[in-house]
> 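Here it is, the structure, as structure tokens.
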Amino acid sequence: MAADEAPSDAELVRRSRAGDAEAFGALVARHEPGVRRVARSWTPTAADADDLAQTAFLKAWQDLARLEDPSRFRPWIFRIVLNAARDSHRRSLLRPFHAARAIEGADPPDGRDPSRAAAAAETTAALEAAIAGLPEELREALSLHVGEGMRHAEIAEIAGVNEATVRWRLFQARRILREMLGTLLDQP
Amino acid sequence: MSCPNLKEQWTEYAAGDLSGDERTALDAHAAGCEPCRRERDACLRLEGLLRGRLSMPRPGRSLSDQVVSRLRADRRPRLVRWAAAMAAASLLLSLTALRLAERAPTASPPSPVTLHVAPSTPLPPPSCFEQVLSPPGGRRSALGFRMTEWVRRPPAPADASRVCVAAEPAPSSRSVSAAILDSGSKSSDPDRASTLLVIALD
Ligand SMILES: [Zn+2]
């Protein structure tokens, strides 16, 4: 391998299995942006999402021997974080979505115009509530596709379904959100 | 073309799932059809909002160092680990306090601040607020959320803020969350607000 070439996931997995924590750190650094974003679609705050992502990486380290194909680390870590998100959600360790807390991440309101601030707040809150209200498998497909730019085949691998099902889930997710947001999507 | 059947196609159009020819045909139709133009624009807006929400960059410190040091810490004795966790927690608390303290004196652009209101906080607002009754019962948003406005009585101090509160009862408890959206003052405390705008997600 050339010195300036980044090691592959498979290579890093092999080194991690041998106990090389630095190699695992490199895997974390490579995949954490996506893992944190996907976690964020399950949690009310970015800090909760980061806790979830960290839990997922620690579990991956423990279970590394179970990863059959070391080159498939990416779909595997996404599966782990999504399972962790579902578990936490069901055990209510994470509070259910609070649309209000999502506003935390919104753009600051424009000047002193209360009606514009209220309209922006309402759209943000409504989008958050609508995404949170999607069936889990639709939300999962949407966050992997829109957020991570994953192709249908990779989402299918993560979700354990075929590509046609992924296509259907993405379409349904968008139709439901369109219906739920209604006239809020009209141009101002 | 029959427009009701096009609704689903505009979803695919905005998602980028159509071929060039299909897009061209739909655009040609929309040029002469106002409802379809509106539907197209709404679907495109949804797509933009989704991208903003789901693919937002994750700034901040990398998790990588934290994870690696956790892996190393796992080899240390349990008590030491626990002490380290306690130290980390108290550091986090002081950082949060510092951030809030830094925010207080600045008058220029207010950052949204999140408050977690104690479970006992009454909702609708406490009796020191009076609902603006126009229209009676508040107005309904497009999604059916109730939006009500409350002003403090007697008139609030000059530095009081207008506070936008989105309220959503959690199923497991009576807690609500509140977000300060427009606190153009020293205070980001609803107790000192002149006006409360309550969006009830019921
Ligand atoms: Zn039409």
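None of the values given here were measured: they were computed from a predicted structure. All values below come from the heavy atoms of this structure, side chains included, with hydrogens, waters and symmetry mates left out. Residue numbers begin at 1 in each chain, while the letters A, B, ... track the order of the sequences.
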> Kindly give the heavy-atom pair with the smallest separation between R174(A) and A15(B), and that separation in Å.
CZ-CB, 3.3 Å
> Using a 4.5 angstrom heavy-atom cutoff, name the option from D65(B), L46(B), V68(B) with the most pairs to chain A.
L46(B)
> Side chain, backbone, both or neither: which part of L142(A) has a non-hydrogen atom closer than 4.5 Å to chain B?
both
> Could you check whether any side-chain N or O of T11(B) sits under 3.5 Å from a backbone N or O of R175(A), counting only pairs where one atom can act as donor and the other as acceptor?
no
> Quick one: pull up CZ in R53(B) and CD1 in I131(A) and give me the separation to the nearest 0.5 Å.
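These two atoms lie 5.5 Å from each other.
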> Is a side-chain N or O of R45(B) found less than 3.5 angstrom from the main chain of L184(A), in a donor-acceptor match?
yes
> So which atom in L63(B) and which in V28(A) form the shortest heavy-atom distance, rounded to 0.1 Å?
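Closest approach of L63(B) to V28(A), heavy atoms only: C-CG1, 4.3 Å.
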> Side chains of L50(B) and L127(A): closer than 4.5 Å at any heavy-atom pair?
yes
> Any side-chain heavy atom of F171(A) sitting closer than 4.5 Å to one from E8(B)?
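Contact flag for F171(A)/E8(B) side chains = yes.
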> Mind running side-chain contact (heavy atoms from CB on, under 4.5 Å) on D41(B) and D186(A) for me, showing each step along the way?
CA-CA 8 Å; D41(B) 292 348; D186(A) 290 347; over 6 Å; no
> If I take atom NZ from residue K7(B) and atom CZ from residue R178(A), how far apart are they, to the nearest 0.5 angstrom?
5.5 Å
> What's the shortest heavy-atom distance between R36(A) and S62(B), and which atoms?
NH1-CA, 4.1 Å
> Only pairs at least two apart or in different chains count here, so list each salt bridge (charged side-chain N to carboxylate O under 4.0 Å, His left out) that has a residue in residues 68-78 of chain A.
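Matches after skipping sequence neighbours: R72(A)-E157(A), R74(A)-E154(A).
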> Once ring-ring contact (aromatic ring centres under 6.0 Å, His included) is applied, do any residues pair with Y13(B), and if so which ones, sequence neighbours excluded?
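If we apply the ring-ring contact (aromatic ring centres under 6.0 Å, His included) test to Y13(B), skipping adjacent residues, the hits are W10(B).
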> I want to check something: taking the side chain as every heavy atom from C-beta on, are V38(A) and L54(B) in contact at a cut-off of under 4.5 Å?
no
> For a side-chain hydrogen bond (donor to acceptor under 3.5 Å, both in side chains) check, start with the C-alpha distance between E32(A) and S64(B), then their side-chain angles and the critical distance, and finish with the verdict.
CA-CA 8 Å; E32(A) 68 166 277; S64(B) 170; 5.2 Å; no
> For V146(A) and E47(B): C-alpha separation, side-chain torsions, deciding distance, then whether side-chain contact (heavy atoms from CB on, under 4.5 Å) applies.
CA-CA 9 Å; V146(A) 177; E47(B) 209 59 30; 4.3 Å; yes
